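Proteins come first, then strands; the chains are lettered A, B, ... in the order of their sequence lines, and each starts at number 1. This one's a predicted model, so the numbers in the text were calculated from it and none came from an experiment. Note: hydrogens, waters and symmetry copies are ignored here, and every other heavy atom, side chains too, is used.
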Amino acid sequence: APAATGTPTVSTAAPQGSPAPADNGVPGIIKATDLSKIPEAAKKRTDTIIVGLTNPSGAFTPYFQQSGYDGNVSSVLFTPLVKIDKEGLPVPGLAEKWDVSEDQKTYTFHLRKDLKFSDGSPMTTEDVAFTWTLLHDKNYDGLNEVVEAGIVGGQAYKEGKATSIEGIKIIDPLTISVTLEDVNATALTVLGGDILSKAYYGKDYIFGELDYLKKLHEKPVSNGPYKLVKFVPGQEVRFVANEYYYAGKPKTENFIYKTTEGDTWQFIETGDTDFANFAATTDNIEKLKKLGFVDMVPTTASNYGFNKFNLEHDQLKDKRVRQALTYGLNRQLIYVDSRQGAATVANIPSSPILWSYTEEGINPYPYDPEKAKTLLNEAGWKVGSDGIREKDGKKLTIHYLGSKSKNTDIFIGVARENYAEIGVKFEPEQFPDFNTLSAKVDGGDYDMASFSTTIISDPSQGVSRFVKGETKGYNNPKIDELYAKGLATNDVEERKKIYHEMFQILNDELPIMFTSYSKSISAYSGRIAGIELNPLAGLAHSLPNWELK
Amino acid sequence: MNDLIEIKNLSTYFSSSAGDIKAVNDVSFRIRKGETVCIVGESGCGKSITALSIMGLVEGPNGRVVDGQINFDGKDLLNISKEQLRQVRGNDIAMIFQEPMSSLNPVITIGKQIMEPLMIHQKMNKKQALARAIELIEIVGIPRAEQIANSYPHELSGGMLQRIMIAIAISCNPKLLIADEPTTALDVTIQAQVLETLRNIKETSNMSIMLITHDLGVVAEMADYVIVMYSGKIVEEGEVEEIFERPKHPYTKGLLKSKPIIGQRQEMLYSIPGQVPNPLELVESCYFHDRCGQCMSICETHQPKLKEMENGHKIACWLYEEEGQHV
Amino acid sequence: MSNTTSELIKAKKTPQISEQRTSLWRQAMHDVMKNKLTMSGLIIVVIMLLACFIGPLFSPYADNKINPAIMNMPPDAKHWLGTDLLGRDVLTRFLQAGRISLTVGIASMILSVFIGTLIGIISGYYRGIVDQIFMRIADLLMTIPGLPIMFIVGALLSDWKVPTDYRMYMVMVMLSIIGWPGIARMVRSQMLSLREREYMQAATVLGLRDRRKLFNHLLPNIVPLLIVISTLSIGGAILSESALSFFGLGVMPPTPTWGNMIDAANNIIDFEQHPWLWIPPGVAIFVTVIAFNIFGDGLRDVLDPKQKK
Amino acid sequence: MSKVLLEVKNLKKYFPIKAGLLNRTVGHVKAVDDISITINAGETFGLVGESGSGKSTVGKTILRLHDKTEGEVKFKGIDLYGVNKEELRSLRPKMQLIFQDPYSSLNPRVRIGDAIGEVMLDHGLATKENVRDHVLEVMELCGLSAYQIDRFPHEFSGGQRQRIGIARALALNPDLIIADEPVSALDVSIQAQIINLFQQLQKKRGLAYLFISHDLSVVEHLCTRVGVMYLGSMMETAPRDELFSNPLHPYTKALMSAIPVPVPKLKRERIVLKGDIPSPANPPAGCKFHTRCPFAVDICKSQKPEFRHVGNDHYVACHIV
Amino acid sequence: MSTYLLRRFIYMVLILLGASMLIFFLYALTPGDFVSNNMNLSAERKAELREIYGLSKPLLERYMTWISHIFQGDFGYSLAQQKPVLELFNDYVWNSFLLAIVATFFTWFFAVVVGVISAYKQYSLFDTLVMIGIFAAMSIPSFFIGLFFIKIFAVDLHLLPPGGMTSTGSNAVGLAYVEDVIKHMTLPVIIMVLLGVGSLTRYFRSNMLDVIKQDYIRTARAKGLRERAVLYRHALKNAMLPAITLVGFELPGLFGGSIILEKIFNWPGIGQLYMSSFTVRDYPLLMGFTMFLAILTVIGTLISDILYHTTDPRVRL
Ligand SMILES: Nc1ncnc2c1ncn2[C@@H]1O[C@H](COP(=O)(O)OP(=O)(O)OP(=O)(O)O)[C@@H](O)[C@H]1O
Ligand SMILES: Nc1ncnc2c1ncn2[C@@H]1O[C@H](COP(=O)(O)OP(=O)(O)OP(=O)(O)O)[C@@H](O)[C@H]1O
Ligand SMILES: [Mg+2]
Ligand SMILES: [Mg+2]
């Protein structure tokens, strides 16, 4: 999955390339009703599929990208060692299989036979070792977590104390093992990422000098289903099927990412693109149905939205206040009704589509102003003469930060009324872009701020923010302990239990206010067959099977 | 008849929000071949508008010629098509304006500006036109003609520009040259030069000149025939000696008396009291009555008509009404 | 007999000593009334102002009250312009929005005209180093694209804890930061040309005090220019506010402005399916800007001395 | 009555000529080039010359509307260039300027009563209470009617505006009025009214005038002494009668003969000068007039003639006199 | 002459230096930086990255490095795009330029023609309609009219493409390519012209009104010139003169891109890139681009001055 950067709570367009199968009561695929309505422009394309994508920058080397959109491109170009299935569980990619040692610290990957890069050169474990090593370079400025996986000797290499990484061992051209300092349940997927050709990307490599790579970003040598043909900045990225792809040449000869900005209605309608995601509002669904020529698949994103509380502010240190603020807010109206069902209310830090999700023992915090009032009273906040609660002469004010979007507008509109009712003064502030907002949050000048997480493929990612002071002002040793436990085992059932326990604690303590899981609808031309959507792995997951009828 | 042009009952009005301004109010006169007719009068009395009416250049949308005839060459200039009128302009009738500095296009060379009428009316080609333009510049007495032809108006002095204007005007040998205060903006010594140029040209080409001025000295020097206007009407006209030696209208008299003359110093100058009436507030009366020392009661209620008296002297004044009737 | 005395006699005949002071302004108003186009501009402006400032008082739908029961309803007898996605009455919001938009337009106009005029006058009147400094600052501001400046101002004001309810004032400030250099230049060049007028030389010869020269002689002569700039820049400011809304730098929701109302409908779905959301603010911006422009243009003609005899 | 009121010695005023992208000074217009004038109280000094000869610049430089380049200006014995701004302001009421153009010298947005009154207020010659009476007084003196006090300049004719300008100057009770072509923008019939007014006021108030004009006939009518300028330099000065009966400088002669006389068919012997007035930025060497002078000899081209006294208080700058 | 140019040049450098400081410190003041953008990074990693990017150095030092690089023609390396800034300009600026130059051409063309005619027919019905049209065009928010046009002309009528610069996947070359681009730029150009033509038309109209009142126009008529020659030969030339100086001021606009329109029409221009770089605080690109515009502005002013001094014979050197 692309290493997407943090995004504000909601963006009008649903995250690219992250659809999920139908579940959660939403009916599954809705088939196109009238294929004759397919626009001429689309009909003319017989061997090409076009998908919209916000402008990628041209940095197509995996691990060296700053923008998630470049990740979307490289996910078509590269296939990882280990893929993730729809529920977030690992499945073989370029690695045919893998073994985990008794102590769960050593992983041995077995590559498939006869793997080739797009230039025809063979791919071996040399390449794997090279890739892992490269990411430990002291000047590596990318966003990958391989270093955090804690390979034995990794840190020494990074500091220049060793010329190679001790924990990486090439056993033969098809077998490689890696040893970690500690057990880490996410290590398999982290290490099982994309592999760079050593012959190509490592030709000029000297420790500490990565600048030479920059010249290669736009000319990738890859191993995924498609090869790069041409990148036209601001316009499109063109691919052609890779004849060396391990699973055989993909069924459609050409694939194009067309640069589009935000809402892509016009391109779907005119047939300029074949695939797009929309927020799952009834309006959108109606419109898509009316188009008649698209298949629709509703999906829930694998992330969650939340309102960050500033726990360093006195009034928010009290759990009851946080709970009251949650009860006192009509989340159903804000996230579900006014969005015409394009989201559901969230109560735990995990998406409904992940295996870790549960509603058991979880308080849904239904909208209940009376309950909120009671809680506030209990917490000592009494209604003052102007209707605003106060305690020790201090008014109960919530200084809210949100970034510019229609959904923030809605939130502010509702929250202002809801909070007035329970005697809380609501002072909203909106920022033109996410960066200003996050700078403001970093500065601590807020009470509540809206965010959403990036794609979560492992439950640990959803809770890592509550661990070891990551959330300022929140410190719960029990959570720290559970978190460590959750990572220290590879047993899914055991992990489930651990995470459910964590979710219950977090749901009660509310270090943040859980807000929503956004739902989107993927729409694609009815004449494409073979689409199978995996919100955790992007389009690349089933792309080789896409076929134009 | 050797009349070149005859203006009959010309009236030109400007409409304004407060009503019509009768800039030219029922004016009739004629100009003979080879004659210089001077029109004098105070600022705003309608001299320029008379000239512009003849040229068909009264500017819309407010101004319009409401009545009259302008007979020239057997045609009524007010009744011919725009295209025909354009053929007359600059070709048969040419005009020079008061401000030489602003009357020439600042971004086009002098030579080109002289060549334009030649190419339009005389159908000359560029080369011929240029040669003729240089010739014309020499005719009006400017040295270094070729160099001048290539320069822009701002590089020349006012006197030179006015002579260039004359060159443009005479380029197509017009039958009538209208000069609207051609020397007012110039210094006396330069004025003398320009007037001399005009005189020379007139002598050599026998064209008629309609000279507009408010300087009685210039009139005396140039005119054969003088027309005195006041508030849009002709109040007196006649041969130049007649007017200067035997002025009849109190206004003409006043004008002649109020100008100091070197060597004829008086203790106090004579001055016509008051000021010209507001053109919007004119009522049936002699328009000069409230400034007139000899104002009678009839002057305040009735307008005198222009009547011919002895020696072709015409005058519009109630003082002479009886005299006139005797003739 | 000199005419001086004769005029004096005439003057004595006139009974009243001082007739009523004819006002330039009354004259201007009179001329405006006669120009149909200008007048229609003025009438529209007045109607807009009245509707927006008084209209909401008659609305049965309280300030921004959300009503989940009637979200996204098309216009009907109860809600003449329908409701928005939170069930708020569009008409009420539209009128309130007009109040804000017009206030923002007018206030930011006043602010930028004030700053621009002040700096323009100081620069043009004193010239020299002061002028140099101000004009170079203006140059610089005009060199640099407005957007980062706006982002920064927005962020700074937020850091300075300007209450969010005053975001409207922030928009005004931002608009005037962008707006003043142009105005200052115009005023300055006007000042420079006024300085050279003969009547200003006359004022110097007469030994008038500086203050009087400035306030009685120079200022009244730039007033017509200012009026024109002002009316034109009100329209500009209303438009700019909508552009600011596009970037999220505008007035903060839920406070409506025409700009953010139209921006909220800035997507194909609303465009197609909820036209009642964008037509009113769109038309209002359009009509108001036209009205102010036409009115300003007409005023310019009226106040232009060249147009008079 | 021969007290010296104004003394101008060797006054020079050069204007820089700016050109090019950087506004660099590429030369100087020698608008006034070494001019000396003395005016006694109650006297009228006429300054004639053609357009661009520097007459206005003389006037404005005397009043410190421009800075001088060189020379000395003494008014009532006070060096005008030696005083500071505030002192100068307090001296201003005694020396006034009347402009050529009655249309542009009045602020279109100031009522004439205010225009006349404000100067009195600013110089403490009247108080807010009595200023109106004072204004009416001067207006009456200048032949303006009381009912016009609250009107704006555009409601007046040219002649009336010139009166307003005069009234405004007179309100300060000056000793010297510099009149810069005050009648040349006016019609003949109105010219006479204004000239008469000038004369009357001089009688009543004992004013001295520096009367600038290009019209010799007006100057002859009004002035006691006359100076003739050409290209920034004085060519000839003399008492009026002396000058008009015995003009010495060829330029003066040419000027006089060029004036059209309102007598038709009068055959005068006339000196028509050749050529144009040279540019003051680049004046001819030697005698500045030699390029147009019908009598020029070799020495005129090379040597600047001295400004000499030739008797009868008559000064002239010419080699051949 | 050479000292002129030298002084002029020094003045330009000074202004640019001032601009560079202003630009640098303005961006430095802007809250957030490239690193703070990523919520997933730990505080240590953030510090590490800031070190790598040189964001942790003192402000003044950063400014000095930046400006000295600029003087060497090095505008830096874009953090988000992983490419040298100048290369990025090269990728995007020309697209913006294409749009702007075509739009500017038509804007001027229509402004001149309409301005001349409506001045000539002042107060006529045509003039009034033009005035209203001008104001109308001036009073539409650009993003809105963009959406409107896409909906009508692209989605509903299928007349023109809804956005982008070329048909996706097209391999057209030569004339076919040109045709493709023309089709794609039609809508944005129309909108740019609509938005820009108003004020320019007004400008020409009022210039023209001034000019046709001049004496030399009357002279031209008195010479017997045809009305068309009077208008287009004598009047227009004079009316254009003050506008010529505007040409220089258009320069930065030609390369500056249009943030809103490029976004709406998916035009691969620099304005869009600027906007997206802004949201991630890609300072090298932002500062480089702003500086680039400042340089263009200064050059534009110079060009204006030169044009002013060369086109009008009255002010020629
Ligand atoms: N375009 C116009 N609009 C309205 N009134 C006009 C216009 N042109 C001239 N007039 C009026 O027509 C009358 C005559 O003007 P005209 O220009 O003929 O006077 P003139 O005798 O030439 O004066 P001057 O000596 O000042 O040139 C004046 O009262 C003037 O106000
Ligand atoms: N402010 C100025 N800057 C530059 N040059 C000037 C300035 N004022 C006058 N001059 C020049 O100085 C010379 C003398 O001008 P001045 O106005 O004194 O002449 P004048 O005799 O008053 O002429 P006129 O009769 O036209 O009023 C002219 O060449 C003029 O161009
Ligand atoms: Mg005239
Ligand atoms: Mg002068």
Side-chain angles (χ1 to χ4, degrees), chain B residues 40-45 141-143 156-160 183 185-193 195-196 214-223 226 239-245 251 254-276 278 291, chain D residues 48-53 143 156-160 183-200 214-222 230 240-241 244-245 251 254-266 268 270-279 292:
Chain B
V40 278
E42 277 179 276
S43 182
C45 69
I142 303 177
L156 273 60
S157 70
M160 287 163 99
T183 59
L186 306 176
D187 288 313
V188 265
T189 60
I190 307 296
Q191 166 170 310
Q193 293 173 1
L195 291 181
E196 190 155 279
H214 60 249
D215 186 339
L216 292 167
V218 173
V219 177
E221 209 161 284
M222 301 289 294
V226 181
E239 299 292 326
V240 64
E241 278 107 343
E242 271 294 311
I243 298 288
F244 277 84
E245 279 153 31
Y251 175 64
L255 276 187
L256 284 167
K257 267 198 277 179
S258 58
K259 190 165 164 61
I261 301 170
I262 294 183
Q264 304 178 6
R265 197 163 68 247
Q266 305 138 291
E267 192 45 37
M268 269 279 153
L269 284 175
Y270 173 81
S271 75
I272 307 173
Q275 60 193 64
V276 288
N278 180 344
R291 301 176 74 188
Chain D
V48 284
E50 288 179 271
S51 179
S53 58
F156 291 89
S157 70
Q160 286 173 320
V183 294
S184 45
L186 303 175
D187 274 324
V188 226
S189 72
I190 309 295
Q191 258 185 26
Q193 296 174 6
I194 300 293
I195 291 173
N196 288 342
L197 178 62
F198 269 99
Q199 267 181 317
Q200 282 172 1
H214 59 252
D215 189 343
L216 274 173
S217 47
V218 171
V219 167
E220 193 222 21
H221 178 78
L222 206 59
Y230 185 78
R240 173 189 43 201
D241 294 334
F244 283 92
S245 57
Y251 178 61
L255 265 188
M256 285 188 184
S257 79
I259 299 171
V261 179
V263 181
K265 310 276 149 107
L266 174 77
R268 281 190 300 161
R270 147 170 302 168
I271 311 166
V272 176
L273 294 175
K274 305 164 291 178
D276 287 294
I277 307 170
S279 147
R292 299 175 76 201

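One finds the CD atom of B:Gln275 at 11.5 Å from the CG atom of D:Leu186 (value rounded to the nearest 0.5 Å). To the nearest 0.5 Å, atoms CG (D:Asp276) and CD (B:Gln193) are separated by 6.0 Å. The line from CD of D:Glu50 to CD of B:Gln191 is 10.5 Å long, rounded to the nearest 0.5 Å. To the nearest 0.5 Å, atom CD1 of residue B:Ile261 and atom OG of residue D:Ser217 are 8.5 Å apart. In this structure, OG on B:Ser271 lies 5.0 Å from CG on D:Asn196, to the nearest 0.5 angstrom.
Using a 4.5 Å cut-off between heavy atoms, B:Met222 does not touch chain D at all. For a residue to count as touching a neighbouring chain, one of its non-hydrogen atoms must lie under 4.5 Å from one of that chain's; by this rule B:Val219 does not touch chain D. At a 4.5 Å heavy-atom cutoff, the contact between B:Ser43 and chain D is made by backbone and side-chain atoms alike. D:Ile195 touches chain B through its side chain: at least one heavy atom from C-beta onward sits under 4.5 Å away, while N, CA, C and O do not. Using a 4.5 Å cut-off between heavy atoms, D:Val272 touches chain B through its side chain atoms alone. When heavy atoms are compared at a cutoff of 4.5 Å, B:Tyr270 approaches chain D solely by way of its backbone atoms N, CA, C and O. B:Asp215 touches chain D through its side chain: at least one heavy atom from C-beta onward sits under 4.5 Å away, while N, CA, C and O do not.
Side-chain contact between B:Leu269 and D:Gln191: absent, with no pair of heavy atoms (C-beta onward) separated by less than 4.5 Å. Contact of the B:Ile262 side chain with the D:Ile259 side chain is registered, since non-hydrogen atoms from C-beta on lie closer than 4.5 Å. Between B:Arg265 and D:Asp241, some side-chain heavy-atom pair lies under the 4.5 Å cut-off. With a 4.5 Å cut-off on side-chain heavy atoms, B:Glu42 and D:Val188 do not count as touching.
Top candidate by heavy-atom pairs under 4.5 Å with chain D, chosen from B:Gly44, B:Gly141, B:Ser157, B:Pro143, is B:Ser157. Chosen from B:Pro260, B:Ala192, B:Gly263, the residue pairing most often with chain D at heavy-atom distances under 4.5 Å is B:Pro260.
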Test side chain to side chain contact (heavy atoms under 4.5 Å, CB included) on D:Ile277 and B:Asp187; report intermediate values, then the result. CA-CA 10 Å; D:Ile277 307 170; B:Asp187 288 313; 3.6 Å; yes

Check the pair D:Val261, B:Gln264 against side chain to side chain contact (heavy atoms under 4.5 Å, CB included), reporting the backbone distance first and the verdict last. CA-CA 11 Å; D:Val261 179; B:Gln264 304 178 6; 5.9 Å; no

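Of all the heavy atoms in B:Ile190 and D:Gly275, the pair that sits closest is CD1-O, 4.2 Å. The heavy-atom pair separating B:Arg291 from D:Ser189 by the smallest distance is NH2-OG, 3.2 Å. Annotation for B:Glu241 and D:Pro264: closest pair CA-CG, 4.1 Å, computed over non-hydrogen atoms.
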